[in-house]
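In listed order, ligands and their atoms are each counted from 1.
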Amino acid sequence: MHYGADYYPEHWPEERWETDAQLMQAANLNVVRVAEFAWSKLEPAEGCYDFAWLDKAIEILNRHNIQVIIGTPTATPPKWLIDKHPDILPVDADGHVRGFGSRCHYCSTNKTYHWYSDLIVGQLAEHYGHHPGVIGWQTDNEFGCHSTTRCYCDSCQKAFHQWLQRKYGTLEALNQAWGTVFWSQIYTSWDQVIIPRKTVASHNPGLLLDFYRFSSDMKVEYQARQIRILRQHAENQFITHNLMGLFPEIDYYKLCADLDFISWDNYPRGGGAPDSTRLALSHDLMRGIRKQNFWVMEEQSGPSGWELVGSMPRPGEIRLWTYQAVSRGADGIVYFRWRTCRFGTEEYWHGILDHDGRPRRRYQEVQQTGEELKQLWPLLQGTQVKNEVAMLYSYDQLWALQIQPNNPNLNYIAIAKEYYTRFHELNIGVDLINHADDFSEYKILIAPLLYLMTPELVGKLTQFVQAGGILITTFRSGVKDWNNAVTEKTLPGELSELMGIEIEEYDSIYGDAPIGITMELEGQELEGNACTWSDVIVPRTAQVLAKYSTEYYAGKAAVTQNAFDKGEAIYVGTRLDADLTSRLIDYVLVKAGVAHGALAETGIETAIREKDGMRLLFLLNHEPNTQTAVLPNDYVDVLTETPMTGKIELEPYEVKVLREA
Ligand code: GLA
Ligand code: ZN
């Protein structure tokens, strides 16, 4: 297994490199990522490349059996380049230039930048593309970090015009799609089309959604330049990018299509206690994007911190986070960072070692975890996470609802997470997938907030249900077309037939007082609450699962279920409280015949990796107190080879890896 650290040899005197490599090797590290911010050291003046220092660092690392991943340094264009071509700098929505002095200060459509970026990437690829000690590449660093996905410069405006021409073909089609007749915005030539800088009031939602898509596409296209160059020289080295989990600005399905695998940066603990559900959700998205195992390229190994210092990872937490990642599909773990830097913006972003470079508790934890993973790898290698439940996660829906949240409390990720939470409590794995993916392998599909709809998507959802799947969708579904204009059909628009309902009217809910809900599932009546939104549903062919019990729509349907061919289509017209959401999911699980995961609802997170009938069960205690549970089968603790049955106890942050006996 690949196990390592993010290393910045350029931050330390050369005399220290040997010590670092020795300490790394002793900690069981076998890989480092280097150089992703080192442009001004690699090309101190235009065309003057200096790779000697990096050669030397790599040579030392390789000597200690540590392989290297090189990050292309394009997130930090050097000062000489910015001074020579200041138009490379990105521009914000106010029209202000975002200047030199931090990072990510480039516009990804800028032609001059492309030229220089191609050069430095090409030079590195040529130099290291066949280096036996270099195993792979990371493109740039965290594309879109610090709100840099969307740039409002003139170059981007031109690129936007070209993107729109490719998409719409004619200006008439664009005017039609966006409804530019509203507020006298009809465009009569392509170059009139604006880029959405600050205006007096809000922009056209059609334009904004296309701008979000365009901006995401520009990152994808910019990365494609790097990938093309790297592949020319580095046929036997992998290419990845370090994503940011639930980061919402770039369509990660597109960004990752041409990578060899996904990696991502995981920082569970900032100021307070980590949210294990959110972490699990992030891992599941990172695996779901390509339906493939992934790496963590930056795993927290100390307190975070720039101006403020985050809280210290509790003893056991680094190991816990590592195993959580592994249990959900990580095949590589790289800790950020090897040693805490003495200078620069991230002086307090702690690594495995502190500023003084002396190994302590966190180093020992990394060392022990590495020892264990080495032992586990023969079993772990080639195993995968397999799930019966999927959740649709779409950047188009997310963006459209960011542009128009409909209600101040409506947040796409938050609502997706509310559904995910029950599965997580029950230790039932969920794959987060795209609308273009194959749904047919799943028994249950959770598809919250299908705000934008296409005939193709309706077709896929219908097929899924017809074939026996259970679909859950929610309020604000089928509302708009893919260009972000509202349908003229009665809601839920194209979904009406599948859902067997019509929506008579809706109420956006303000204030803190929730509305009442009465749910009836399998003859059992439950009282609860809902908030944010109520669709007043008129069932056509659907049966009613829940009704409103307060407001002027008391007695009207709030949740419905439509038997459609072999499957069921459930429409949740409001935002149910956690308990009702859980009950509804429990009901659906029974219907679909999906079993609870091991140790469900015990406070112990579990996940399974499997291969050819061999199943590895990971047990994780995310809590600062001991958890006990009863094992459902006979197991063997893989790390200690001890048989395990019956009652089990997990110390705070403890992890166990079990094999079915
Ligand atoms: C991100 C970046 C790293 C570093 C860390 C800590 O994940 O990729 O370069 O900045 O955050 O701030
Ligand atoms: Zn730009």
Side-chain angles (χ1 to χ4, degrees), residues 5-8 10-11 32-39 69 71-77 82 85-98 102-114 117 138-163 195-197 211 214-219 221-222 240-247 263-270 282 286 295-310 334-341 344-352:
D6 300 300
Y7 184 43
Y8 301 89
E10 70 276 22
H11 295 175
V32 296
R33 182 199 61 187
V34 297
E36 82 280 10
F37 300 118
W39 195 339
I69 300 163
T72 61
T74 45
T76 45
I82 297 300
H85 300 286
D87 61 315
I88 285 172
L89 292 168
V91 170
D92 69 16
D94 287 312
H96 296 147
V97 171
R98 304 181 78 187
S102 62
R103 62 176 173 181
C104 308
H105 46 280
Y106 69 87
C107 162
S108 22
T109 71
N110 184 285
K111 296 267 184 305
T112 314
Y113 193 60
H114 290 170
S117 161
Q138 172 189 295
T139 55
D140 204 276
N141 188 78
E142 294 190 339
F143 280 120
C145 189
H146 315 302
S147 309
T148 51
T149 308
R150 296 170 197 142
C151 173
Y152 300 79
C153 78
D154 294 341
S155 159
C156 286
Q157 178 154 17
K158 255 196 219 107
F160 189 38
H161 294 161
Q162 286 159 8
W163 186 93
I195 201 159
R197 295 194 185 125
F211 182 66
F214 153 80
S215 302
S216 170
D217 282 359
M218 291 306 103
K219 290 293 181 200
E221 279 185 22
Y222 173 63
T240 186
H241 176 71
N242 57 335
L243 311 189
M244 294 183 281
L246 300 177
F247 174 73
S263 57
W264 79 285
D265 299 345
N266 186 29
Y267 292 99
R269 185 179 271 279
S282 308
M286 297 295 95
W295 282 35
V296 178
M297 193 57 91
E298 297 181 13
E299 179 69 72
Q300 184 168 359
S301 65
S304 64
W306 285 18
E307 289 75 31
L308 301 172
V309 178
V334 181
Y335 295 101
F336 189 88
R337 50 185 279 162
W338 171 243
R339 178 175 171 185
T340 316
C341 196
T345 307
E346 298 193 346
E347 280 171 14
Y348 293 118
W349 204 286
H350 296 71
I352 298 170

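- Here the closest heavy-atom approach between residue I195 and residue Q157 is recorded as CD1-N, 3.4 Å.
- For S263 (side chain) and T240 (main-chain N/O), no donor-acceptor pair under 3.5 Å exists by modelled atom type.
- Ring orientation note: the planes of Y106 and Y113 are close to parallel, at an angle under 30° on the 30°/60° scale.
- Of all protein heavy atoms, the one lying nearest to atom 2 (C) of ligand 1 is E298 OE1, 3.3 Å.
- Close approach of ligand 1 to F37 (heavy-atom distance below 4.0 Å) involves ligand atoms 9 (O).
- Each of T76, N242, T74 was checked for a side-chain hydrogen bond (donor to acceptor under 3.5 Å, both in side chains) with D140, and the lone residue meeting it is T74.
- Remark: among candidates H350, R103, R33, the nearest residue to atom 9 (O) of ligand 1 is R103, based on non-hydrogen atoms.
- Proximity of R337 to ligand 1 is not established, as no heavy-atom distance is less than 4.0 Å.
- Every atom of ligand 1 with a heavy atom of W306 under 4.0 Å away is listed here by number and element: 12 (O).
- Taking a cutoff of 4.0 Å between a charged side-chain nitrogen and a carboxylate oxygen, K111 and D154 do not qualify as a salt bridge.
- The Zn ion (ligand 2) lies at the vertex of an angle of 110° between the SG atom of C156 and the SG atom of C153 (rounded to 10°).
- With hydrogens left out, the protein atom closest to atom 5 (C) of ligand 1 is Y267 OH, 3.5 Å, a heavy atom.
- Not a single N or O atom of Y8, backbone or side chain, sits closer than 3.5 Å to an N or O atom of ligand 1.
- Remark: ligand 1 atoms within the under-4.0 Å shell around heavy atoms of E142 are 1 (C), 2 (C), 7 (O), 8 (O).
- Listed by number with element, the atoms of ligand 1 under 4.0 Å from a non-hydrogen atom of N141 are 2 (C), 8 (O), 9 (O).
- Each of the atoms 4 (C), 5 (C), 6 (C), 10 (O), 12 (O) of ligand 1 lies under 4.0 Å from some heavy atom of E346.
- Within the 4.5 Å cutoff, the side chain of Y8 has heavy atoms near those of the F37 side chain.
- Classified by interplanar angle (parallel below 30°, tilted 30° to 60°, perpendicular above 60°), the ring pair W349/W306 is perpendicular.
- Residue contacts with ligand 1: E36 is placed with no nitrogen or oxygen under 3.5 Å of a nitrogen or oxygen of the ligand (distance criterion only).
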Walk me through whether T148 and R103 qualify under side chain to side chain contact (heavy atoms under 4.5 Å, CB included).
CA-CA 10 Å; T148 51; R103 62 176 173 181; over 6 Å; no
